[in-house]
2 protein chains.
Amino acid sequence: MDDELIKRLRKLIQHYAYTSIQMHEAVARKAGLSGTDHKYLGFLIERGQMTAGELATLTGLTTGAVTGLIDRLEKKNLVKRQFAQDDRRKVIIEPDTPAIMALLAPLYKEFRSKSENLIASFAEEELKILEAYFLAAIELMNETTNKLTNN
Amino acid sequence: MDDELIKRLRKLIQHYAYTSIQMHEAVARKAGLSGTDHKYLGFLIERGQMTAGELATLTGLTTGAVTGLIDRLEKKNLVKRQFAQDDRRKVIIEPDTPAIMALLAPLYKEFRSKSENLIASFAEEELKILEAYFLAAIELMNETTNKLTNN
DNA sequence: ACTAAATATCTTATTTACTAAGATAGTATA
DNA sequence: TATACTATCTTAGTAAATAAGATATTTAGT
């Protein structure tokens with residue numbers, strides 16, 4: 001197997017991550033959010049509603065910092081606090097997906113459609129290969145994250 | 001073309017970005033860096049030496065914040081300040097790549113080798129497809145970033 | 001060469017968002 | 001029905017950001 005190709009691809013993938021971070025940063029700024037607020041809002045959309053404690057674990061922030069984070073997002077009407085009916089100590093953070101989309105979608109709109117065009121430009125067999133790569137890479141990154149946070 | 005497959009892949013790629021951010025965050029914490037310091041250190045490695053002003057533009061931070069960022073990284077011996085010989089107002093930030101690697105490489109070591117194994121598990125023709133995707137996606141993200149920051 | 005304007009970084013005062021510790025309120029257990 | 005536990009919030013202090021302006025250097029016009 002071509003070792004050069006493997007090295008080149010690893011570097012390219014690293015560069016891809018860097019470029020992605022930059023783009024998300026630019027979107028955040030345009031949306032009037034701090035980089036971290038945008039990032040954590042992304043977590044909320046990705047995972048759906050969760051408790052303040054879960055968000056603290058997920059983000060690595062203290063519960064106090066999460067209180068502030070929710071306050072800021074709530075003030076912008078991007079999330080709502082709700083007490084859990086099964087345990088009234090718990091605060092469920094419910095992302096207001098339509099509001100979040102209304103804020104972010106225009107910024108991602110063109111990117112999204114061009115992304116879909118890019119994806120659609122590949123043959124079905126090729127997409128299966130991409131899918132296989134992404135699935136495996138996600139699993140690998142999750143493993144890495146878990147090892148780092150738990151040891 | 002299978003529309004479902006395209007949608008699924010777009011979501012998967014989005015999830016990939018999210019997972020990547022989480023991993024980098026975990027690495028930063030383990031390295032004793034703040035998330036943003038780690039991110040910007042990544043920018044420095046990626047781009048190589050640059051002036052304080054360029055870093056300010058790149059990060060979107062004010063020049064004052066960049067002064068603080070460089071101070072912190074310099075104190076940890078991860079970068080060095082140097083005056084440019086052609087223009088002595090300019091401060092060139094030179095990443096001390098060996099020192100940065102000594103700090104981060106152990107944390108990425110296993111991930112990196114497993115990544116290379118993953119890449120190597122694909123056939124050469126398949127890697128060409130991955131490469132084509134990543135190249136196009138990087139260009140697309142760069143375009144998006146430029147439009148957002150310049151309009 | 002001299003002056004004014006422009007540029008690059010740093011400094012200072014203020015604000016924002018974080019942590020750590022502890023308070024509050026609700027739940028589970030003995 | 002106490003007691004311990006859990007989930008979130010509050011408070012005080014700290015770290016890192018911004019905004020405005022200072023300092024030092026370069027560029028351009030005369």
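Labels below follow one simple rule: chain letters A, B, ... track the order of the sequence lines, proteins then strands, and each chain is numbered from 1.
- Remark: C1' of C:dT11 and CG of B:D71 are 11 Å apart, rounded to the nearest angstrom.
- Of the side-chain N and O atoms in B:R88, one or more sit less than 4.0 angstrom from OP1 or OP2 of D:dT25.
- Of all non-hydrogen atoms in A:S34 and A:A28, the two that sit nearest each other are O-CB, 4.1 Å.
- Residue B:T62 places no side-chain N or O under 4.0 Å from the OP1 or OP2 atom of D:dA20.
- Look at B:S34 and you won't find any side-chain N or O under 4.0 angstrom from OP1 or OP2 of D:dA16.
- Ring geometry for A:Y18 against B:F43 counts as perpendicular: the plane angle is over 60°, on a 0 to 90° scale with 30° as the lower cut.
- Contact annotation: side chain of A:R89 to base of C:dT27, donor-acceptor pair absent below 3.5 Å.
- Among the atoms of the strands shown, only primed sugar atoms or phosphate atoms (P, OP1, OP2) are found under 4.0 Å from some heavy atom of A:A52.
- Nearest nucleotide to the side chain of A:T36, out of C:dT9, D:dT18, C:dC18: C:dC18.
- If you find the closest nucleotide of DNA chain C to A:T63 and to B:E54, the one lying nearer the 5' end belongs to B:E54.
- Look at B:R81 and you won't find any side-chain N or O under 4.0 angstrom from OP1 or OP2 of C:dT9.
- Where B:V91 and A:Y40 meet DNA chain C, the nucleotide closest to each residue was compared, and B:V91 sits on the side nearer the 5' end.
- Among the protein residues, A:G68 comes within range of no part of the nucleic acid, since none of its heavy atoms lies under 4.0 Å from any strand.
- Between the CD1 atom of A:I70 and the P atom of C:dC18 there is a distance of 12 Å, rounded to whole Å.
- Taking each heavy atom of B:L33 and B:L103 in turn, the nearest pair found is CD1-CD2, 4.1 Å.
- Rounded to whole Å, atom P of C:dT9 lies 10 Å from atom CZ of B:F83.
- Within the structure, every side-chain polar atom (N or O) of B:T67 is placed at least 4.0 Å from both OP1 and OP2 of C:dT11.
- Look at B:R72 and you'll find a side-chain N or O under 4.0 angstrom from OP1 or OP2 of D:dA17.
- In this entry the distance linking CD1 of A:I92 with P of C:dG26 reads 16 Å, nearest Å.
- Across the protein-nucleic acid pair, A:D86 atom CG and D:dA7 atom P stand 11 Å apart, rounded to whole Å.
- Neither B:L73 nor B:V91 shares a network with the other; the hydrophobic side chains, linked directly or stepwise wherever heavy atoms of I, L, V, M, F, W or Y lie under 4.5 Å apart, form separate groups for each.
- The separation between A:L61 atom CG and C:dA17 atom C1' is 10 Å, rounded to whole Å.
- Between the P atom of C:dA28 and the NZ atom of A:K90 lies a distance of 9 Å, rounded to the nearest Å.
- Contact between B:A99 and B:N77 at its shortest, heavy atoms only, is CB-O, 3.6 Å.
- In this structure, CG of A:L73 is placed 10 Å from P of C:dA17, rounded to the nearest angstrom.
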